[in-house]
Amino acid sequence: MKYLYRLYQIFIAAPIAAIWTIIIALMVGIGTTFGNGHFWGYYPGKWWGWFILRLLLIPVKVEGRENLRNGESYVFVANHQGAFDIFLIYGYLPRPFKWMMKYQLRRIPFVGYACEKSHQIFVDKRGASKIRKTYDQAREILREGTSLTVFPEGERTFTGRMGEFRRGAFMLADELQLPVVPLTINGSFEIMPRMYDWHFVVWHPMTLTIHPPILPQGNGADNIRNAMEKSYAAIESALKV
């Protein structure tokens, strides 16, 4: 079955995925030029992520949808297992949001173009002024009522286990007094870990667990630390490594 799945990837899934990615990128580019930026910045990406996982025959289970309230903005924080985290969150997180991502991703053909046109937030650490600009953009997005999704580890794991969290997302949540929602991703590391980028996809089920929101408790350093510690514990509690 492994080799049949690889043949399927080469001759069916990969060509269709490439064409679909180009279509979605053009859709985002045209839509954000002439239409509602929030709509075109989210829904085509959602269709893209959902379709790619269906195309690769990856089963997905989502737990905890009931923890999200309509009309509420959140800062979502997730563990970062591998490249397929993007498809899972984009395709199955039931809430419009913007990504906070590394600026290097802007170089990916078509995907980087679509992200730039849809005003995703590129984290640029090449100097203090660029860092300030990144967080200014994130604040504006959150003030507009849109949610934000961040991988607080800052990079994909090499082991499947979580690394240390960085403070940036929690500082934004504290400043704007927004709930933080931890997300646990399972299965992405088995499908394509960081060490095997651009290799064959390994079939494996995926699960997205949406934990209850962590509400602000005051503001400042204590609130930031509380949100970080509770988020880490929640994500780790559902992690299957």
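Sequence positions, counted from 1, serve as the residue numbers for this chain.
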Worksheet item: Just wondering, do R139 and L142 contact through their side chains at under 4.5 Å, heavy atoms?
Response: no

Worksheet item: Does any N or O in the side chain of E153 come within less than 3.5 Å of the main-chain N or O of E164, such that one atom is a donor and the other an acceptor?
Response: no

Worksheet item: Of the non-hydrogen atoms in I214 and K230, which two are nearest, and what is the gap between them?
Response: CD1-CB, 3.5 Å

Item to complete: State, yes or no, whether a side-chain contact exists between I23 and W48 at a heavy-atom distance under 4.5 Å.
Response: no

Worksheet item: Does L88 reach the side chain of S188, with side-chain heavy atoms less than 4.5 Å apart?
Response: no

Fill in: Trace of the side-chain contact (heavy atoms from CB on, under 4.5 Å) decision for T207 with E63
CA-CA 8 Å; T207 303; E63 300 174 338; 4.2 Å; yes

Discussion item. Is the distance from the ring center of F34 to that of W40 below 6.0 Å?
Written reply: no

Fill in: salt_bridge(E72, R95) N-O dist < 4.0 Å
no

Worksheet entry | Check: F76 ring centroid to F151 ring centroid under 6.0 Å | no

Worksheet item: Taking 4.0 angstrom as the limit, do R143 and E175 come out as a salt bridge?
Response: yes

Worksheet item: Does the side chain of I191 come within less than 4.5 Å of M206's, by heavy atoms?
Response: yes

Worksheet item: Going by heavy atoms in the side chains, are M162 and T157 under 4.5 Å from each other?
Response: no

Practice prompt. Establish whether M171 and L215 are linked, either directly or via other cluster members, by ILVMFWY side-chain heavy-atom contacts under 4.5 Å.
Written response: no

Worksheet item: Can you name the nearest heavy-atom pair linking A114 to A25, along with the distance?
Response: CB-CA, 3.9 Å

Worksheet entry | same_hphob_cluster(V202, I52) at 4.5 Å side-chain heavy-atom cutoff | no

Discussion item. Count I, L, V, M, F, W, Y as connected when their side-chain heavy atoms are under 4.5 Å apart, and connections chain through other members. Are L55 and W50 then in the same cluster?
Written reply: yes

Discussion item. Using side chain to side chain donor-acceptor pair (under 3.5 Å), reason through Q120 and S118 one step at a time and then give a plain yes or no.
Written reply: CA-CA 6 Å; Q120 308 300 328; S118 58; 3.1 Å; yes

Practice prompt. Please identify each residue that fulfils side chain to side chain donor-acceptor pair (under 3.5 Å) with D174, with sequence neighbours left out.
Written response: N223

Item to complete: Run the ring-centre check on F110 versus Y113 and record whether the distance is less than 6.0 Å.
Response: no

Worksheet entry | L57-W47 co-clustered via ILVMFWY side chain contacts under 4.5 Å | yes

Discussion item. In the structure I gave you, are the side-chain heavy atoms of N219 and I224 within less than 4.5 Å of one another anywhere?
Written reply: no

Worksheet item: If you round to the nearest 0.5 Å, how far is NZ of K98 from OG1 of T149?
Response: 11.5 Å

Worksheet item: Looking at side-chain heavy atoms only, is the closest gap between Y74 and F97 below 4.5 Å?
Response: no

Worksheet item: Rounded to the nearest 0.5 Å, how far does CZ of R194 lie from CZ of R156?
Response: 6.0 Å

Fill in: Minimum heavy-atom distance L239-G160, with the two atoms named
CD2-O, 3.9 Å

Worksheet item: Can you list the steps and then say if V181 with V75 is a side-chain contact (heavy atoms from CB on, under 4.5 Å)?
Response: CA-CA 6 Å; V181 176; V75 176; over 6 Å; no

Worksheet item: Is there a donor-acceptor pair under 3.5 Å between the side chain of Q81 and the backbone N or O of F189?
Response: yes

Item to complete: Kindly indicate whether the side chain of L56, heavy atoms from C-beta on, has any atom under 4.5 Å from the side chain of Q9.
Response: yes

Worksheet entry | Separation of T32 OG1 from M27 CE (nearest 0.5 Å) | 12.0 Å

Discussion item. As a test of understanding, state which of H204, E190, M192 forms a side-chain contact (heavy atoms from CB on, under 4.5 Å) with F84.
Written reply: M192

Worksheet item: Can a salt bridge be assigned to the pair D222 and R225 using a cut-off of 4.0 Å between side-chain N and carboxylate O?
Response: yes

Worksheet entry | Spacing of I185 atom CD1 and H80 atom NE2 [to the nearest 0.5 Å] | 8.0 Å

Discussion item. Quick check against the 3.5 Å criterion: does W203 have a side-chain atom that pairs as donor or acceptor with the backbone of Y5?
Written reply: no

Practice prompt. Kindly give the heavy-atom pair with the smallest separation between Q177 and P216, and that separation in Å.
Written response: OE1-CB, 3.5 Å

Fill in: Euclidean distance, F122 CZ relative to H119 NE2, rounded to 0.5 Å
11.0 Å

Worksheet entry | Check: K46 side chain, G91 main-chain N or O, donor-acceptor pair, under 3.5 Å | yes

Practice prompt. Could you please spell out the steps behind the side-chain contact (heavy atoms from CB on, under 4.5 Å) verdict for F87 and I58?
Written response: CA-CA 11 Å; F87 301 128; I58 303 294; over 6 Å; no

Practice prompt. Mind running side-chain contact (heavy atoms from CB on, under 4.5 Å) on L53 and Y92 for me, showing each step along the way?
Written response: CA-CA 10 Å; L53 291 180; Y92 290 90; 3.8 Å; yes

Discussion item. Rounded at 0.5 Å granularity, tell me how far CZ in R6 sits from CE in M1.
Written reply: 13.5 Å

Practice prompt. Mark yes or no for whether R106, through its side chain, and G112, through its backbone, hold a donor-acceptor pair below 3.5 Å.
Written response: no

Worksheet item: Honestly curious: do F51 and I24 fall in one hydrophobic cluster under the side-chain, below-4.5 Å linking rule?
Response: yes

Discussion item. Tell me the closest heavy-atom pair linking N79 and L183, and the distance in Å.
Written reply: OD1-O, 3.3 Å

Worksheet item: For the residue pair A238 and H211, what are the closest heavy atoms and their distance?
Response: CB-CE1, 3.9 Å

Practice prompt. Assess the pair W99 and Y90: is the distance between their ring centroids shorter than 6.0 Å?
Written response: yes

